[in-house]
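This report concerns only the one structure given below.
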Amino acid sequence: MAQGLDVFEERIRTALSEELGAGAAQAQLEIPKQAEHGEFALPCFNLAKARGGNPAVLAAELAAKLRVPEVQAAAAGPFLNFKLDRTALAAAVLQNAGGSDYGRGPGGQTVLLDFSSPNIAKPMHVGHLRSTVIGAALSRIFEHLGHRVVCINHLGDWGSQFGKLVAAWQRWGDEAALEQDPIQHLLDLYVRYHAEEEKDPRLAQEAKRAFQELESGADGEVRRTWKRFTELSLREFDKVYRRLGVHFDFIRGESWYEDKLEDALRWLESRGVLEESEGALIVNLESEGIKTPCLVKTAHGTTLYVTRDIAAARSRLDEFGFDLALYVVGNEQKLHFEQLKAVLRRCGAAWESRMEHVPFGLVRLAEGKLSTREGRVLLLSEVLDRAVELARGIVAEKNPNHPDPERAAEAIGVGAVVFHDLKHQRARDVVFDWKVVLSFEGDTGPYLQYTHARCCAILRKAGRPAPDPRGVDPALLADAGELMAALGRFPMALREAAAKREPMLLAAQLLRIAAAGNAFYRDRRVLGSEAPLEDARLAAIAALRGTLALGLRLLGVPAPEEM
RNA sequence: GCGCCCGUAGCUCAAUCGGACAGAGCAUCGGAUUUCUAAUCCGAGGGCUGGAGGUUCGAGUCCUCCCGGGCGCACCA
């Protein structure tokens with residue numbers, strides 16, 4: 001069930017292994033940087049070295065001998081280039097491209113994704129956007145590849161910070177302010193707490209006591225207050241998730257593992273990895289090459305973030321039996337996940353190798369790092385609102401007769417913000433720049449949406465259903481090689497994006513597809529051509545539209561039919 | 001101080017397992033619309049890939065050192 005260009009790649013590998021032996025099937029086939037070198041290329045240096053020959057000679061020999069159906073092999077110095085027959089290329093791509101199952105894979109694994117995970121009582125800022133959109137995109141990509149995906153939102157709803165928050169609420173809480181804008185009020189309280197904590201040491205005591213009460217399980221004032229904050233926060237988060245089209249199978253904060261903490265600690269004890277140090281319980285990790293010991297219980301008896309993650313990992317393995325668990329969490333928590341995995345390893349839990357931290361760079365402002373406490377925040381909802389507002393103006397200007405301008409503006413604004421995040425390699429820090437985020441031209445989400453909308457317009461104006469792509473004459477699309485090759489690489493881009501946990505690879509492929517598509521219909525009239533040609537071009541447009549729609553959906557970017 | 005990540009065009013970013021002449025977008029300049037949406041397309045200029053060595057047939061990519069930035073380094077998450 002090879003799709004797109006995979007068909008040809010398989011043929012090339014088969015021919016190579018027939019000529020050079022089975023090992024050659026794994027030879028490094030790459031995509032040439034320049035289109036005139038064909039669709040695939042084989043650098044012959046290593047092969048020649050292994051066989052004791054000259055790479056250029058080998059390339060020439062292979063070019064003469066290889067027989068690959070519908071593929072022409074040509075030597076260019078030490079490179080062996082493969083150029084696909086244009087008609088065969090179009091025929092192969094039209095076979096699947098554009099369908100909702102294009103690029104679908106056999107999958108079969110259970111993949112758990114832990115992402116977004118904002119902290120209760122704090123607003124979602126642009127930093128949360130990264131985890132949310134990267135995690136959500138990966139979840140859809142893995143799902144499309146046939147895996148069973150479980151998405152968990154591991155809310156930060158536990159920990160000593162909630163002791164601080166409850167203590168602050170008990171001192172300065174304002175019922176009316178909480179009703180009016182819960183997250184803002186809670187944030188104010190949190191900031192005020194930190195400001196006054198140093199002047200008044202009693203605050204720290206109150207906070208510590210409150211968290212101890214919370215963790216004791218007592219169903220008193222502290223717990224009721226905390227629960228209320230959680231519910232109010234979730235309601236706010238839901239609004240953002242709805243706008244982003246993000247869905248979780250489970251919204252389970254750290255508190256969900258509350259009743260599993262004791263068991264986790266007993267387990268560590270039974271494995272003999274627990275040590276006491278300065279009144280606290282730790283796991284020494286020097287044998288795992290980590291100098292910093294892992295602290296699992298504080299001297300005053302409360303658990304920590306990592307304790308909850310240990311409990312969560314065991315619980316999730318038990319419940320879902322995951323083959324792969326991806327934690328889409330910022331770079332700065334690298335050590336945390338190394339420790340988590342090392343602790344499990346010391347306990348003999350070999351399954352920790354299936355857990356993987358998928359880190360991403362942090363978002364910074366030009367003025368400096370974001371800091372909730374110092375009030376240097378950039379609210380996610382504000383970013384989305386501004387993008388939508390700008391889109392609203394542009395829609396009104398460019399398409400005053402749009403049937404649903406408000407909906408289009410929302411799609412364009414949100415799409416711009418989401419795509420902007422996903423087009424960068426996740427590892428790198430990103431500097432948030434309004435000018436760039438709010439740009440709708442060039443390599444942007446709206447550019448992809450626009451291309452999609454143009455295709456929709458052509459298909460709409462055809463006034464009839466798109467022809468069955470298998471019924472059109474692919475020879476009439478021999479001039480669409482760029483577009484067909486770009487579409488044909490979509491399945492590969494999907495697989496790479498999953499393998500490297502890097503949605504950018506899909507985003508980049510969509511940009512290449514859109515660029516090829518725009519060039520294609522710019523120079524070739526679709527409607528009004530003679531019947532067989534119109535059919536063929538309509539089929540190409542349908543494949544383009546469908547692939548963009550699919551790719552955008554996987555990334556979480558809406559694809560309106562009209563802009 | 002130790003560890004990890006990053007330095008590519010004026011700006012934001014790509015570059016497949018180490019492969020061909022380091023590519024896009026933005027910005028600048030110049031073109032394209034009686035025809036399916038100009039949020040588009042075509043073209044031009046713009047580079048000692050932070051610096052110095054090394055490995056290799058071949059280095060933006062690997063190794064060493066230096067410079068610059070980010071993050072982390074047990075009682076936060």
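Predicted, not measured: the structure shown is a model, and the values here were computed from it. In the text below, chain A, chain B and the rest are named by the order of the sequence lines, each starting its count at 1.
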Problem - Spacing of E332(A) atom CD relative to G3(B) atom P, expressed in whole Å - result: 21 Å
Exercise for the section: Applying side chain to side chain donor-acceptor pair (under 3.5 Å), name anything that partners H154(A), two or more places apart in sequence or on another chain. Expected result: D309(A), R316(A)
Handout entry: Residue-phosphate contact under 4.0 Å: R308(A) side-chain N/O, A77(B) OP1/OP2
Key = yes
Completion exercise
Residues passing the side chain to side chain donor-acceptor pair (under 3.5 Å) test with T451(A), sequence neighbours excluded, are N518(A)
Exercise for the section: Could you tell me whether the phosphate oxygens of A14(B), OP1 or OP2, come under 4.0 Å of any side-chain nitrogen or oxygen in R428(A)? Expected result: yes
Exercise for the section: For residues 386-398 of chain A, pull every pair meeting side chain to side chain donor-acceptor pair (under 3.5 Å), keeping only residues two or more places apart or in separate chains. Expected result: R392(A)-E406(A)
Handout entry: Nearest-Å distance once atom C1' is located in both U34(B) and G45(B)
Key = 34 Å
Handout entry: K33(A) side-chain N/O to G23(B) phosphate OP1/OP2 under 4.0 Å
Key = no
Problem - Set of residues satisfying ring-ring contact (aromatic ring centres under 6.0 Å, His included) with respect to F360(A), sequence neighbours excluded - result: none
Handout entry: Polar contact flag, side-chain donor to acceptor under 3.5 angstrom, R512(A)-Q509(A)
Key = yes
Problem - Results of ring-ring contact (aromatic ring centres under 6.0 Å, His included) for H420(A) - residues two or more places apart only - result: H424(A)
Practice task
With rounding to the nearest 0.5 Å, note down the distance linking NE2 in H336(A) to NZ in K341(A).
Solution key: 12.0 Å
Handout entry: Worked verdict on R252(A) versus D114(A) for salt bridge (Lys or Arg N to Asp or Glu O under 4.0 Å)
Key = CA-CA 10 Å; R252(A) 285 180 182 171; D114(A) 178 318; over 6 Å; no
Practice task
Please state whether the phosphate of A15(B), meaning OP1 or OP2, lies under 4.0 angstrom from any side-chain nitrogen or oxygen of Q425(A).
Solution key: yes
Exercise for the section: For the residue pair H125(A) and H128(A), categorise the inter-ring angle as parallel (less than 30°), tilted (30 to 60°) or perpendicular (more than 60°). Expected result: tilted
Problem - Centroid distance under 5.5 Å and plane angle under 30°, F45(A) vs G19(B) - result: yes
Handout entry: Residue pairs fulfilling side chain to side chain donor-acceptor pair (under 3.5 Å) with at least one residue in residues 425-443 of chain A, sequence neighbours excluded
Key = none
Problem - Nearest-nucleotide 5' precedence on RNA chain B, R460(A) against A76(A) - result: A76(A)
Practice task
Figure out the CG/C1' separation between L448(A) and A24(B), and round it to whole Å.
Solution key: 13 Å
Atom pairs under 3.5 Å, N or O on each side, protein against nucleotides 40-42 of chain B: can you list them with distances?
unit_1, atom_1, unit_2, atom_2, d
U40(B), OP1, G442(A), N, 3.1
U40(B), O2', N518(A), OD1, 3.3
C41(B), OP1, Y447(A), OH, 2.7
C41(B), O2, R522(A), NH2, 3.4

Problem - Gap between atom CD of E30(A) and atom CG of N81(A) - 0.5 Å precision - result: 9.5 Å
Show me, pair by pair, the donor-acceptor contacts under 3.5 angstrom made by side chains of residues 44-59 of chain A, not counting sequence neighbours?
unit_1, atom_1, unit_2, atom_2, d
N54(A), OD1, A56(A), N, 2.7
N54(A), OD1, V57(A), N, 3.2

Completion exercise
RNA chain B in dot-bracket form (Watson-Crick or G-U pairs under 3.5 Å, [ ] crossing, | inter-strand) is (((((.(..((((.....[...)))).(((((.......))))).....(((((..]....)))))).)))))....
Return a table of donor-acceptor pairs under 3.5 angstrom between the side chains of residues 282-294 of chain A and protein atoms on other chains or two or more places apart.
unit_1, atom_1, unit_2, atom_2, d
N284(A), OD1, E286(A), N, 2.8
E288(A), OE1, R345(A), NE, 2.8
E288(A), OE1, R345(A), NH2, 3.3

Fill in the blank from the handout: Per the under-4.0 Å heavy-atom filter, residues of residues 491-501 of chain A near RNA chain B come out as K500(A)
Problem - Donor-acceptor pair under 3.5 Å, S160(A) side chain vs A77(B) base - result: no
Problem - OP1 or OP2 of C26(B) under 4.0 Å from side-chain N/O of S439(A) - result: no
Practice task
Return no unless some side-chain N or O of K291(A) is found under 4.0 Å from OP1 or OP2 of A74(B).
Solution key: no
Exercise for the section: Mark this stacking check for H336(A) against A77(B) as yes or no, applying ring centres under 5.5 Å and ring planes under 30°. Expected result: no
Give each protein N/O atom lying under 3.5 Å from an N/O atom of nucleotides 45-48 of chain B, with the pair distance.
none

